[in-house]
Amino acid sequence: MNLLGGIAVFVTLLVIKIQDSMAVCGYESCPITKDNLINIHLVPHSHNDVGWLKTADQSYYGYKNNIHHAGVQYILDNVVTELLKDSSRRFIQVETAFFSKWWKEQTATMKSAVKKLVNEGRLEFTGGAWSMNDEGSVNYQPVIDQFTHGLKFLNETFGSCARPRVGWQIDTFGHSREQASLFAQMGYDGQFFSRMDHNDKDTRLENLSMEMIWQASESLQDLELFSGLLYAFYSDTPGYGFCFDVLCNDSPIIDGNSYDNNVKSRIDEFISYASEVAEHYRTNHIMIPLGGDYQYEDAQVNFKNMDKLIKYLNERQSEGSQFNIFYSTPSCYLNSLHQSGQTWPNKAQDFFPYAHEPNSFWTGYFTSRPNQKRFERIGNHMLQTAKQLSTFAQLESEQQKKDLDFLREIMGVMQHHDAITGTERQAVSNDYDRLLHKAIVGAENNARDALRVLTNLTNGEFESCLQLNISVCAFTKDSADDVVVTLFNPLAHTSTQYVRVPVKDESYEVTNEKGTVVASEIVPVAWQVLDLEYRSNDTQHELIFKASVDKIANYYIKKVDNSEINSLKNTDTFADDSSETVVKTSLIKLVIDNESGRLKNIEMNGVSENIQQNFGVYKSYESCPYTFRQNNDIEVFENNFEFTVYDGTLVKEVHQQVNEWISQVIRIYEGVNHVEFEWLVGPISTDDNLGKEVVTYFQSEIESNGVFYTDSNGREILKREKDQRESFVADLSKAPNSGNYYPVTSRIALQDENKRMALLNDRSQGGTGMDNGRLEIMLHRRHFFNDGGGVGEALNEEQFGTGLIARGQLYLMLNPVNKGATISERLTEKEIILPFWKFFSKASTATSAVPKALPSFDVLPDSVHLLTLEPFTEKEILLRVENILDVNEGNTVCFNPRLILDGLSGQEIRETTLDGNLPLTEMKRFKFTHDSSSVQSKSPEYFTASYIPLEAKSRDLIDSQICLDPMQIRTFIIKT
């Protein structure tokens, strides 16, 4: 900034500071439009990834610009300066993670200036979450959390004027129906995005359906959201060149007394582009965003040229031009559409898979970086654990709040569309891992502080073991003698699960808090895991016992000299005949083919089905972190599998060796109604110099005929059909398999009239059921191709000097086709996503202290999930409950909240929108008219709460009921 410019801005700030503002925000602040002209809403914006080619901090501070030019702090500095110069100028800010970091560095005078801009609607927050989250690989719980945290920051900093009204998902790689549902439940009026399958977009351009009403739920009535697709990519005016940023080379508008004066040609070109856009939209309003990745670092260049564009284009109106252009925002554009009275087409499914060109389906990222996807789930698991424990123990120190907020924020970053997706560079991925590990460790401190209050282990270590996936725990590596395992159950209802603790090959006895001996077994760790080069092999076995936990329970492990303690040994095959090995519990029977070593048949829940599992690879020389570009059909491994059976009373295990770099443990527990497949893949072979997608599939005899079902971000289920799309014909000529892959964040299933087979997973993956009776899941991928159009780096993950090894679980459920089948799947999903968190202490830390009492959630009906319980503001708690069954599975259920409030020392309760920051009584969002509607309103319509939101003092709740329809989530703030 030059000296004179600096002085001018300083004077402006002083004026702002001493003058009262008569500002209005929201829709009242929108620019005046002209009914008889085509109104061009010009939207200045900068798309700032919270990590991609550079880390989030590098992108903020402008470091390592030789990789990619990005300096978000300078963008915000200069945008604010330019907005203050002209009251007509506007700008939208999306990523709260970056803005909050910048805000903390500002002076009181600058903060006052920014508040004025927000209160006048000139600086508008759009989206508003901590990051612009992905929509394919995310689970709904951390997405809700990151919106809650981002919107809370905006509300506490600026008040209601900062609350976003529009979602801005312009760079996500496909769009989920559940994301639209969450926007609607938060009270948003609509959303806009810029990526859509090229065949879908061509169809919509032709039939004027670029903007639509999205039916966001099959279960929740009136849950619809206006959704619009930008005409071009968010950073482009294709063929015309109107990027005025210093990062671009497009021509500026030259209006001086110069030989190069180009006002006429530049305005002619923009009018041509606007005319082209207007042909494909239904009203006399169009939105043209001007901005791109990390643009506006020298914002005066952008705004000076946009000022000229607006001035000279509007001057053409005196010559008969039909265009009226002005600075605007997505919400003001949406408001104009709402006021227009226009009708709109309907959308019911989602926008997966996305392809930007033929044979380029963005279905690889559903699985990219499988270990990072699993680590994100662990982060969410710890976040829910730490939030609940902090609430129960009433942790209030500044450090405790800081540690909890840090994990909230890093989990918000992990939802970003280049984080959870695995589409970032390796150095950035490493930084995400570093941050998440640091945040988890910090939150563990909160958990420890809470458990010292909530249990009798007042000096307990309460250490966590983050390497349990390879059966390693530092706390038990020398001995598990006199160890206490404290189990925390994040679910609302008492849960019974098996616990596995890494131990030496010794005899142990497990007792519960009453001193009752609990059945336990010792099982060997698979040799392929022991063979991991960098694994500490102090413990080569696992102690297994069955635990039942309401909220918190201690189990005591003691070493004993007792030959009767059950240690599993490998057995010879035991068979119905010489060709088969049968492994069974009281609920499940598995049949293994002795010759091939493969699973052959499963019997459970009264259903017997021939199911063969196999592994294979799709080889490719041009797949990348985003895309799964198949060059040939799947290559199935035809070799026989070596296998060993370990037969115990509590658990039966089949250890399989598939090839040199794939192995698996098939596991069934006594009393558990699913089959666990714990796979180990890597380092993926590179002998042929081809990239590989590693998959496993389960081939049954179920007549599914290409119809299958996948979850939408872990919530509702969508029906998929081979080669079919909702409203267009997809080009599948070169990629029939990858074009039938869909995101599987928790479940994929198929069925016929009699039988249903489902696979549940422990992380986001890609999957398909396109072949009759077959479910296929992609487990891991490794590639050497850099497509040059995105991340600029091949997906060739390495660890410890060799290709990455990944380990994870799939869970198979086989049921007769009835309502109960899908209900059991939903309940199992929750235990997979939020199992017991295990804390380890020495038994010597136990005292006679009386622990702080815990609230009871027994009043919650079986189908009601405790989605969120967390400290919110000073003396306030956020409670979020969910009916996890859909309209085909369950009914409306009700409960009285008084006991829960009493257990939390709650004095008052008020209901809010899903994000917890807007009273539900104040929720009023746009309602749009469908093309198919027989009645068209003469005035704009709105959605409000369909029932009277709960707001009461605790003492007045004696006869109150909280009712939840199928799939409904209700959010409350409890004042303590």
**Student:** Run Arg316 and Asp268 through salt bridge (charged side-chain N to carboxylate O under 4.0 Å, His left out) and show every step you take.
**Tutor:** CA-CA 10 Å; Arg316 293 280 187 96; Asp268 285 346; 2.9 Å; yes

**Student:** For the pair Gln342 (side chain) and Thr283 (backbone), establish whether a donor and an acceptor sit closer than 3.5 Å, ignoring hydrogens and angles.
**Tutor:**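 Such a contact is absent between Gln342 side chain and Thr283 backbone.
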
**Student:** Using modelled atom types only, decide if a donor and an acceptor are shared between the side chain of His285 and the backbone of Ser340 within a distance under 3.5 Å.
**Tutor:**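 Judged by distance alone, no pair lies under 3.5 Å.
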
**Student:** Please assess Tyr240 against Glu276 for the test side chain to side chain donor-acceptor pair (under 3.5 Å), listing each intermediate value before the final yes or no.
**Tutor:** CA-CA 11 Å; Tyr240 293 92; Glu276 181 182 309; 3.1 Å; yes

**Student:** How far apart are the C-alpha atoms of Glu124 and Ser331, what are their side-chain angles, what is the distance that settles it, and do they pass the side chain to side chain donor-acceptor pair (under 3.5 Å) test?
**Tutor:** CA-CA 9 Å; Glu124 178 176 294; Ser331 66; 2.7 Å; yes

**Student:** Checking Asn262 side chain against Pro252 main chain: does a donor-acceptor pair fall under 3.5 Å?
**Tutor:**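 Yes: the side chain of Asn262 pairs with the backbone of Pro252.
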
**Student:** Looking only at side-chain N and O atoms, does Glu716 offer a donor or acceptor that is under 3.5 Å from a partner on Ser217?
**Tutor:**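 A pair is found: one side chain offers a donor N or O, the other an acceptor, under 3.5 Å apart.
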
**Student:** Does any non-hydrogen side-chain atom of Phe326 lie less than 4.5 Å from one of Ser88?
**Tutor:**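 Answer no - side chains too far apart.
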
**Student:** Under 3.5 Å, side chain of Asp250 to main-chain N/O of Phe244, donor-acceptor pair present?
**Tutor:**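 Not at all, since once roles are kept as given, no pair shorter than 3.5 Å links the two residues.
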
**Student:** Return the CG to CG distance between Leu309 and Leu290, rounded to the nearest 0.5 Å.
**Tutor:**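 Nearest 0.5 Å value for the CG-CG distance: 7.5 Å.
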
**Student:** Taking C-beta and beyond as the side chain, do Pro44 and Arg89 meet within less than 4.5 Å on heavy atoms?
**Tutor:**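 The answer is no, as the side chains (C-beta and beyond) never meet within the 4.5 Å cut-off.
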
**Student:** Would you give the length of the straight line joining atom OH of Tyr354 to atom CE of Met196, rounded to the nearest 0.5 angstrom?
**Tutor:**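 Spacing of OH (Tyr354) from CE (Met196) equals 10.5 Å.
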
**Student:** Out of Trp362, Trp52, Tyr365, which residue meets the ring-ring contact (aromatic ring centres under 6.0 Å, His included) rule with Tyr626?
**Tutor:**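 Answer after filtering Trp362, Trp52, Tyr365: Trp362.
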
**Student:** Please determine whether a side-chain nitrogen of the Lys or Arg among Glu211 and Arg282 lies less than 4.0 Å from a carboxylate oxygen of the Asp or Glu.
**Tutor:**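 No, no charged N to carboxylate O under 4.0 Å.
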
**Student:** Would you say the side-chain atoms of Asn324 and Gln317 include a donor-acceptor pair closer than 3.5 Å?
**Tutor:**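 There is such a pair (donor and acceptor under 3.5 Å, judged by atom type) between the side chains of Asn324 and Gln317.
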
**Student:** Under the criterion side chain to side chain donor-acceptor pair (under 3.5 Å), I'd like the reasoning laid out for Arg629 against Ser360: C-alpha separation, chi angles, the key distance, then a yes or no.
**Tutor:** CA-CA 6 Å; Arg629 293 186 177 103; Ser360 293; 3.1 Å; yes

**Student:** Is the distance between the ring centroids of Tyr741 and Phe366 under 6.0 Å?
**Tutor:**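 No, the ring of Tyr741 stays outside the 6.0 Å limit from the ring of Phe366, centre to centre.
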
**Student:** Donor-acceptor check, side chain of Asn740 to backbone of Pro736, threshold 3.5 angstrom: yes or no?
**Tutor:**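 Confirmed, Asn740 side chain pairs with Pro736 backbone.
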
**Student:** Parallel, tilted or perpendicular, judged at 30° and 60°: which one describes the rings of Phe173 and His417?
**Tutor:**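 Answer is perpendicular, since the angle exceeds 60°.
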
**Student:** Would the number of heavy atoms belonging to other residues, nucleotides or ligands and lying under 6.0 Å from CG of Asn36 be above 12?
**Tutor:**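 Yes, the 6.0 Å shell around CG holds more than 12 heavy atoms from other groups.
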
**Student:** Do Tyr294 and Asp245 have side-chain N/O donor and acceptor atoms under 3.5 Å apart?
**Tutor:**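 No, because no side-chain N or O of Tyr294 sits under 3.5 Å from a partner of the opposite role on Asp245.
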
**Student:** Considering all heavy atoms of both residues, which atom of Gly739 and which atom of Arg725 are nearest to each other, and what is their separation?
**Tutor:**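 Looks like O-NH2, 2.7 Å.
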
**Student:** Run the side-chain contact (heavy atoms from CB on, under 4.5 Å) check on Phe270 and Ile288 step by step: do they pass?
**Tutor:** CA-CA 11 Å; Phe270 194 87; Ile288 296 179; 3.8 Å; yes

**Student:** Before giving the answer on ring-ring contact (aromatic ring centres under 6.0 Å, His included), spell out for Tyr296 and Phe91 the whole-Å C-alpha distance, their side-chain angles and the decisive distance to 0.1 Å.
**Tutor:** CA-CA 10 Å; Tyr296 287 78; Phe91 190 83; 5.2 Å; yes

**Student:** Can a salt bridge be assigned to the pair Asp350 and Arg720 using a cut-off of 4.0 Å between side-chain N and carboxylate O?
**Tutor:**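 Judged by the 4.0 Å cut-off on N to carboxylate O distance, Asp350 and Arg720 do form a salt bridge.
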
**Student:** Just wondering, do His416 and Glu424 contact through their side chains at under 4.5 Å, heavy atoms?
**Tutor:**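 No, every pair of side-chain atoms sits at 4.5 Å or beyond.
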
**Student:** Could you tell me whether Lys308 atom NZ has more than 12 heavy atoms of other residues or ligands within 6.0 Å of it?
**Tutor:**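 Check passes, neighbour count above 12.
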
**Student:** Which word best sums up how the rings of Phe303 and Tyr327 line up, parallel for under 30°, tilted for 30 to 60°, or perpendicular for over 60°?
**Tutor:**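 Ring orientation of Phe303 relative to Tyr327: tilted.
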
**Student:** Using side-chain heavy atoms (C-beta onward) and a distance below 4.5 Å, is Leu151 in contact with Phe125?
**Tutor:**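 No, too far: nothing below the 4.5 Å cut-off.
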
**Student:** Under a 3.5 Å distance rule, please check whether Thr929 uses its side chain to pair with a backbone N or O of Gln936 as donor and acceptor.
**Tutor:**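 No, Thr929 side chain to Gln936 backbone: no donor-acceptor pair under 3.5 Å.
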
**Student:** Is it true that Arg195 and Asp200 make a salt bridge, defined as a side-chain N closer than 4.0 Å to a carboxylate O?
**Tutor:**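 Salt bridge flag = no for Asp200 with Arg195.
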
**Student:** Please determine if Asp49 and Lys54 form a salt bridge, counting it only when a charged side-chain N lies under 4.0 Å from a carboxylate O.
**Tutor:**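 No, Asp49 and Lys54 are not salt-bridged.
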
**Student:** Do you know the tightest heavy-atom contact between Ala735 and Asn359?
**Tutor:**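 Where Ala735 meets Asn359 most closely, the heavy atoms are CB-OD1, 3.2 Å.
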
**Student:** Step by step, work out the ring-ring contact (aromatic ring centres under 6.0 Å, His included) result for His175 and Trp214.
**Tutor:** CA-CA 11 Å; His175 304 279; Trp214 200 342; 7.4 Å; no

**Student:** Could you walk me through whether Asn133 and Gln146 pass side chain to side chain donor-acceptor pair (under 3.5 Å), step by step?
**Tutor:** CA-CA 9 Å; Asn133 63 268; Gln146 70 122 7; 3.1 Å; yes

**Student:** Less than 4.5 Å apart, any side-chain heavy atom of Gln179 and any of Ser176?
**Tutor:**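 Yes; the side chains approach each other to less than 4.5 Å.
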
**Student:** Report the relative orientation of the aromatic rings in Phe926 and Phe928; use parallel for angles under 30°, tilted for 30 to 60°, perpendicular for over 60°.
**Tutor:**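 Rings of Phe926 and Phe928: perpendicular, over 60°.
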
**Student:** Which heavy atom in Ile286 sits nearest to a heavy atom in Ala274, and how many Å separate them?
**Tutor:**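 Looking at all heavy atoms of both residues, the shortest contact is CD1-O, 3.7 Å.
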
**Student:** Is the shortest side-chain N to carboxylate O distance from Asp915 to Arg163 below 4.0 Å?
**Tutor:**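 Yes, this pair counts.
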
**Student:** Taking the side chain as every heavy atom from C-beta outward, state whether Gln185 and Leu182 have any pair of such atoms under 4.5 Å apart.
**Tutor:**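 Side chain of Gln185 against side chain of Leu182, heavy atoms only: contact under 4.5 Å found.
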
**Student:** Please test Ile271 against Leu313 for side-chain contact (heavy atoms from CB on, under 4.5 Å), starting from the C-alpha separation and ending with a verdict.
**Tutor:** CA-CA 8 Å; Ile271 288 176; Leu313 194 149; 4.1 Å; yes

**Student:** Can you label the angle between the Phe98 ring and the Tyr60 ring as parallel, tilted or perpendicular, going by 30° and 60°?
**Tutor:**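 The arrangement is parallel - the two ring planes meet at less than 30°.
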
**Student:** Is the backbone N or O of Leu205 less than 3.5 Å from a side-chain atom of His280, with the two atoms forming a donor-acceptor pair by type?
**Tutor:**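 Present.
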
**Student:** What's the verdict on side-chain contact (heavy atoms from CB on, under 4.5 Å) for Phe351 and Thr172, showing C-alpha distance, side-chain angles and the deciding distance?
**Tutor:** CA-CA 11 Å; Phe351 288 98; Thr172 57; over 6 Å; no

**Student:** Going by heavy atoms in the side chains, are Asp189 and His338 under 4.5 Å from each other?
**Tutor:**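 When only atoms from C-beta onward are counted, His338 and Asp189 do not touch, as no gap falls below 4.5 Å.
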
**Student:** Rounded to the nearest 0.5 Å, how far apart are OG of Ser235 and NE2 of His47?
**Tutor:**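 Here the interatomic distance stands at 9.0 Å.
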
**Student:** Please check: side-chain N/O of Glu95 versus main-chain N/O of Gln93, any donor-acceptor pairing under 3.5 Å?
**Tutor:**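 Side chain of Glu95 to backbone of Gln93, a donor-acceptor pair under 3.5 Å: no, none is there.
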
**Student:** State whether the side chain of Asn713 and the backbone N or O of Val138 hold a donor-acceptor pair below 3.5 Å, judged by distance alone.
**Tutor:**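 Here the side-chain-to-backbone pair exists.
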
**Student:** Rounded at 0.5 Å granularity, tell me how far CE in Met287 sits from SG in Cys332.
**Tutor:**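 SG of Cys332 is found 11.0 Å from CE of Met287.
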
**Student:** Mark yes or no for whether Thr96, through its side chain, and Gly128, through its backbone, hold a donor-acceptor pair below 3.5 Å.
**Tutor:**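 Looks like yes, one N/O pair under 3.5 Å.
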
**Student:** ring-ring contact (aromatic ring centres under 6.0 Å, His included) between Phe242 and Tyr273: does it pass, once the steps are laid out?
**Tutor:** CA-CA 10 Å; Phe242 281 91; Tyr273 177 65; 7.5 Å; no

**Student:** Flag the pair Leu154 / Pro164 as yes when at least one side-chain heavy-atom distance between them is below 4.5 Å, and no otherwise.
**Tutor:**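 Leu154 vs Pro164: side chains touch.
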
**Student:** Any salt bridge between Arg177 and Glu218, counting N to O under 4.0 Å?
**Tutor:**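 Yes, charged N to carboxylate O under 4.0 Å.
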
